[in-house]
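This report refers to the structure that appears directly beneath it.
No hydrogens, no waters, no symmetry mates; every other heavy atom, side chains included, goes into these values. Residues take their numbers from the sequence shown, with the count starting at 1.
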Amino acid sequence: MNTGASIRWSPHSTTDNQRFLKINSRDHELNLYNISQECFDWSPVQEDLVSVGQSSGEALLLKLSNNTPIRLPVKHERSCNSISFNCTGKLLATALDKVRNDFCLNIWDINQRLSSSGSEAVRPARQLASSEAVPSVRFFREHPDVLVCGVNYRWIKSYDLRDSPVNPIFALPSRCSQGISLDLDTNYFASHSDDGVIAVWDRRCLRGVTTTNDSPWALMFNRPTDEHGRVGGQIVSLRYSNTKAGTFAVLNNAGGLRIYETGKISDPEPQHTSSLGIFTPTGIVTPGAPEFNKSRKGWRESASSLLDGTRMNGGSSGSRTPNPRQEPGETLLVTRINDVIAPSRLAKNDRRVVSFDWICSGTPNRGDPLRTICLRADGTPDIIICSGSGTSLAFGSRNGLLITAGKDLNIIPSPLTSLEPKLSDATEIATEIAKHPDSNPDPDSPVGSPGGRLGMHEGRRIARSNSLVRPEDFLYDASDILCNDMCVVMRRRVEGGYEMDCTKNVELVREQYLKDLWQWLAGATEAAANNGMVAGLVDMSYMGVLGIWNSGAGFPPSQEGVMNRLTHGRWPKAEDWTAAIAEINTRAHREDFKGPTNYPEQRRLALAICGWDFGASELESELQKLEKNGEYAKAAGWAMFNGEIKRCIQTLSNGGQQMKVMSTAVAGYYSHAQMAMASPQLGVTASTETAKNANIWKELCREMAVELDEPYLRAVFAYVSNGEWREVLDELGLPIRERLLIALRWLGDDELTEYLEGLTAQVIEDGDVDGIVLTGICGKAMDLLQVYVNRKGDVQTASLVAGFAVPRYFEDDRVGYWVESYRQLLNSWRLFHARAKFDVARGKKSRNRNGSMTINDVQRQVYVRCTYCDRNISHGASHSSAAKPAGSKPNMNPREKAQTASAPLGANAPTKAHGADPSRMFMKATVCPQCKKSLPRCAVCLLNLGTKYYKKSVEGAQGNKGSDDGKATEPESDYDRWLVSSSFLLLNR
């Protein structure tokens with residue numbers, strides 16, 4: 001399928017010099033990139049020699065060093081479908097479309113053409129396939145004179161150019177004759193058909209095959225581009241990897257890129273079975289044993305049926321069927337399928353992948369990840385790294401563990417379980433063994449040998465009810481395991497209404513850290529409502545403590561994401577940030593910050609983001625609530641963190657007996673602190689004995705802090721022991737918000753910056769979602785959520801949280817992957833209403849201050865396309881071709897010229913003065929805006945789409961003869977009804 005653009009990676013690329021070509025056939029451009037045309041290939045020998053096939057059938061030899069083309073002409077003009085160098089770079093094969101009385105497969109001698117002058121008439125060295133279209137051709141890697149090609153879209157033929165006359169080595173009837181690609185294993189190659197079937201061939205088994213009933217393929221894919229049960233698009237490109245054998249990728253016209261990895265199983269020598277199903281040595285046939293070649297029964301056929309049957313009913317990656325061999329050889333199996341890029345769903349599909357190639361740099365290692373270079377529809381290249389093989393685990397029947405990663409295999413034997421029964425149970429066990437003499441293990445049996453370590457119950461046949469160790473005692477309940485499975489948890493949440501309603505989500509989740517997360521988001525959403533966080537030049541909605549303190553350091557590095565936060569075009573200075581933050585604090589009537597700092601406004605807003613913007617009366621109310629609930633330790637900690645030491649002593653004295661003793665220690669610290677503050681004023685110095693007693697008292701407090709279980713009490717005594725808040729911040733038992741309260745109130749400016757940076761790095765490394773209050777929903781939050789998804793698998797929460805800021809304020813590709821995975825998960829559960837609500841909620845959150853949605857529109861599932869150029873003819877389609885003047889298209893008939901001149905298209909249509917009806921801004925077109933051909937006809941009235949209802953047009957023209965403009969009014973409503981009804985009739989037919 002011709003997509004208009006292609007991309008190829010240079011096989012001569014090294015680590016220091018990496019190059020690729022991009023070709024645009026519509027604009028006749030060939031671009032060489034350092035890091036097109038119909039088809040092209042890169043010489044495997046000469047680094048600067050490229051061959052390009054054109055739509056006219058000619059092939060160009062291009063020297064990239066001097067940019068001088070050398071033409072390889074054809075007798076009759078037709079499209080060049082494929083082009084291929086041989087492994088020595090001396091021969092070039094060009095595959096052409098069918099034309100009468102001419103060859104369609106030309107073999108050129110490159111050295112002869114490069115050495116000849118441009119005026120000499122040069123003919124191909126060999127010509128094959130007379131009057132037969134050749135859609136694809138490839139030279140084999142190790143044989144410079146042997147090639148394989150598709151012929152007439154119905155055959156796959158291989159030729160040896162050394163033979164005279166050239167006769168096919170094999171001629172295989174098959175529709176899979178397009179897009180031939182060669183594996184690194186020289187025995188295999190793959191091809192596809194125009195209806196999306198892919199076949200992998202073993203050329204060792206193709207000689208003598210004359211019919212498709214012989215099943216010569218090694219592996220068949222019936223629906224390789226299907227997506228979750230939906231029929232996939234056409235195959236655009238099929239390419240084997242140039243670094244890893246048995247790996248190929250398939251790209252469809254929707255932009256979906258899927259990688260298949262295959263493995264091989266060596267077929268052993270055939271063994272005959274007796275009538276009882278017992279294998280016998282080769283050559284000895286028992287009576288009644290069937291011959292092996294007459295029936296392919298056994299494990300290979302079972303594997304074939306299993307692999308095919310598991311994918312036949314709505315498989316997401318297409319059914320694939322291995323073909324077991326009758327003779328000894330190899331059997332191909334699919335080992336892994338990786339969807340690298342999902343098909344595009346967006347209406348603005350300019351980021352859709354239209355071409356790709358594999359990247360190789362230097363000598364590849366086995367552990368290197370697969371990399372592809374992709375070309376987007378907007379012409380921009382992109383490098384995509386494919387994930388490596390996942391680790392697989394398997395438990396054996398003897399409690400052993402098997403771990404595989406790629407081609408590495410690790411076997412962990414079962415641990416030796418020693419059972420030491422109590423002495424009182426020894427008599428009972430001996431009695432049970434005496435009752436069951438058959439249960440005594442045979443010392444010569446490997447099952448009963450202790451050295452075999454086959455399991456903890458080996459050799460025991462005692463009744464389960466009386467056995468010392470029962471298997472069910474060491475097995476988890478399946479319902480308990482599934483109840484905590486993340487898929488089950490996510491489904492339970494979404495069925496309960498787990499969406500982007502923060503208040504409702506607090507009640508739905510069971511985990512405390514998620515409750516705290518949604519409570520913070522509820523407060524952030526309330527603060528951001530009605531532009532509550534917009535002031536001056538900046539929109540600070542959903543920003544965290546780090547971003548506020550660093551004046552925007554929490555922003556992503558991309559300039560586009562930064563600009564979405566700004567209310568004006570220029571970047572705010574430090575004084576602009578301070579003024580904006582002060583304005584927000586003033587609007588909220590927050591109390592002034594009390595303490596030595598150069599940034600009091602930043603500390604005020606940061607404390608409010610943490611939920612600590614309490615006044616004295618509000619703090620007292622919160623402490624009384626905690627005391628009423630019996631949380632005296634937490635109340636004492638809150639009082640201490642806010643500098644209310646007297647209130648802390650009072651709270652401890654109201655607790656139990658242990659807390660009353662602790663209140664005495666805190667009171668002693670308070671008294672000592674007061675004396676230390678008053679001594680310099682009174683001119684009194686502490687004696688040596690007093691200082692010694694103080695040190696003993698501090699050491700006792702420090703030991704007491706270590707022995708306490710309550711983190712708030714440990715924090716109180718950590719501060720009482722030496723009066724340093726840094727030791728309190730090291731108490732990991734305190735929640736992040738309490739630690740942020742301490743840091744914002746008591747640390748200096750430089751210490752606070754250092755502490756916030758370190759805490760941010762720690763919460764990101766741990767994937768702690770409590771750190772959202774620190775990072776906000778900015779760039780660093782995406783790193784945190786990525787670690788959280790990797791550890792928990794909760795893509796649901798990550799998608800919902802990220803939807804509050806992405807893509808409104810910035811964009812991140814990881815969010816797109818989370819959202820698409822979550823949408824596919826909802827579709828697989830058939831929760832379509834929940835998925836639709838999720839899309840609507842994300843759309844609402846993506847609206848900017850102007851009210852416009854920043855999220856991309858969902859692609860229409862049904863649209864009208866031109867029958868000639870196969871492109872969208874709706875008004876939202878690309879108007880690049882429509883922008884050209886009507887006379888620029890050659891060979892237009894008078895009817896097309898008249899229709900083009902009288903029907904302005906899309907955004908290029910002339911607009912009326914201000915106040916014109918928006919519904920009339922777009923004129924209805926009767927020709928394709930791309931190729932200017934007539935639109936499809938209705939199956940009922942045979943009128944072209946876009947044609948006015950001629951009776952009302954005539955009546956309107958007669959009724960408006962006396963008007964100023966003398967033009968008829970277009971009946972928009974009638975046209976819309978006619979178009980909808982005609983479309984339904986077309987669909988029904």
Side-chain angles (χ1 to χ4, degrees), residues 499-506 516-556 561-593 599-615 618 737 740-741 744 772-781 800-810 841-855:
E499 299 169 0
M500 300 185 74
D501 186 352
C502 302
T503 305
K504 186 176 181 180
N505 290 347
V506 173
D516 296 339
L517 169 65
W518 288 112
Q519 285 177 352
W520 182 85
L521 279 175
T525 304
E526 182 180 357
N530 300 322
N531 293 329
M533 295 295 291
V534 179
L537 303 177
V538 189
D539 183 358
M540 303 183 205
S541 302
Y542 302 104
M543 288 184 61
V545 173
L546 181 66
I548 296 298
W549 178 250
N550 290 339
S551 298
F555 281 155
V562 174
M563 296 304 295
N564 291 338
R565 285 277 186 183
L566 305 182
T567 58
H568 296 78
R570 71 179 182 89
W571 176 252
K573 300 179 181 179
E575 54 270 19
D576 297 328
W577 274 97
T578 303
I581 294 174
E583 180 181 346
I584 295 176
N585 290 330
T586 303
R587 287 201 304 247
H589 306 287
R590 296 191 177 100
E591 294 185 358
D592 295 337
F593 180 80
Y599 308 100
E601 299 297 337
Q602 281 84 345
R603 290 184 183 251
R604 289 172 63 190
L605 184 56
L607 286 171
I609 290 176
C610 297
W612 292 108
D613 55 339
F614 292 152
E618 295 175 344
R737 297 190 187 185
L740 288 176
L741 166 64
L744 290 170
I772 291 292
V773 65
L774 180 62
T775 63
I777 310 182
C778 298
K780 291 183 179 295
L800 295 176
V801 172
F804 285 86
V806 180
R808 178 179 178 180
Y809 296 112
F810 66 97
R842 288 189 68 241
K844 291 181 179 179
K845 293 295 181 181
S846 69
R847 293 188 182 276
N848 54 21
R849 292 180 299 276
N850 300 326
S852 58
M853 294 176 57
T854 57
I855 194 173

Quiz item: In Å and rounded to the nearest 0.5 Å, what is the CG to CD distance from L607 to Q602?
Solution: 12.0 Å
Self-check item: Test log, rule side-chain contact (heavy atoms from CB on, under 4.5 Å), inputs L741 and C610
Solution: CA-CA 7 Å; L741 166 64; C610 297; over 6 Å; no
Quiz item: Side-chain contact, heavy-atom cut-off 4.5 Å: Y809 with N848?
Solution: no
Exercise. To the nearest 0.5 Å, tell me how far K844 NZ sits from R808 CZ.
Key: 14.5 Å
Quiz item: Rounded to the nearest 0.5 Å, how far does CE of M543 lie from CG of N550?
Solution: 9.0 Å
Quiz prompt | Contact summary for G843 and M853, nearest pair of heavy atoms | solution = CA-CE, 3.4 Å
Self-check item: Where W577 and P572 come nearest, the two heavy atoms and their spacing
Solution: NE1-CG, 3.5 Å
Exercise. Measure the spacing between CG of L744 and OH of Y599 and express it to the nearest 0.5 Å.
Key: 14.5 Å
Quiz item: Are D539 and S541 close enough, and set up right, to give a side-chain hydrogen bond (donor to acceptor under 3.5 Å, both in side chains), and what steps lead you there?
Solution: CA-CA 6 Å; D539 183 358; S541 302; 2.7 Å; yes
Quiz item: Any side-chain heavy-atom pair from I855 and K845 closer than 4.5 angstrom?
Solution: no
Quiz item: What pairs with D501 under side-chain hydrogen bond (donor to acceptor under 3.5 Å, both in side chains), at least two apart in sequence or on another chain?
Solution: none
Self-check item: Partners meeting ring-ring contact (aromatic ring centres under 6.0 Å, His included) with F804 (sequence neighbours left out)
Solution: Y542
Quiz item: How far apart are the closest heavy atoms of R590 and I584, and which atoms are they?
Solution: NH1-O, 3.8 Å
Quiz item: Does the side chain of K780 reach to within under 4.5 Å of the side chain of L774, using non-hydrogen atoms?
Solution: no
Quiz item: Which heavy atom in R737 sits nearest to a heavy atom in D516, and how many Å separate them?
Solution: NH2-O, 2.9 Å
Quiz item: With Q519, which residues qualify under side-chain hydrogen bond (donor to acceptor under 3.5 Å, both in side chains), at least two apart?
Solution: none
Practice problem: Can you sort out the partners of E601 under side-chain hydrogen bond (donor to acceptor under 3.5 Å, both in side chains), two or more places apart, ordered by chain and number? | Solution: N585, R604
Practice problem: For W612 and L740, indicate whether the former's side chain and the latter's backbone hold a donor-acceptor pair under 3.5 Å. | Solution: no
Practice problem: Please tell me if the side chains of V538 and D576 come closer than 4.5 Å, counting only heavy atoms from C-beta onward. | Solution: no
Practice problem: Taking all heavy atoms of P600 and all of F593, pick out the closest pair and write down the distance. | Solution: O-CB, 3.9 Å
Quiz item: Only one of I609, V534, I548 forms a side chain to side chain contact (heavy atoms under 4.5 Å, CB included) with M540, so which one is it?
Solution: I548
Quiz prompt | Partners meeting side-chain hydrogen bond (donor to acceptor under 3.5 Å, both in side chains) with D613 (sequence neighbours left out) | solution = none
Exercise. Working to the nearest 0.5 Å, report the span between CG of L800 and CD of E499.
Key: 8.5 Å
Quiz item: Under a 4.5 Å cut-off applied to non-hydrogen side-chain atoms, are E591 and F614 in contact?
Solution: no
Practice problem: Would you confirm whether T578, through its side chain, and E575, through its main-chain N or O, come within 3.5 Å as a donor-acceptor pair? | Solution: no
Self-check item: Donor-acceptor pair, side chain of T775 and main chain of L546, under 3.5 angstrom
Solution: no
Exercise. Tell me, please, which residues at least two apart from W520 pass ring-ring contact (aromatic ring centres under 6.0 Å, His included).
Key: none
Practice problem: Mark yes when over 12 heavy atoms from residues, nucleotides or ligands other than E526 sit less than 6.0 Å from its CD; otherwise mark no. | Solution: no
Quiz item: Can you name the nearest heavy-atom pair linking R849 to N531, along with the distance?
Solution: CG-OD1, 4.1 Å
Self-check item: Stepwise side-chain contact (heavy atoms from CB on, under 4.5 Å) test for T525 and M500
Solution: CA-CA 11 Å; T525 304; M500 300 185 74; over 6 Å; no
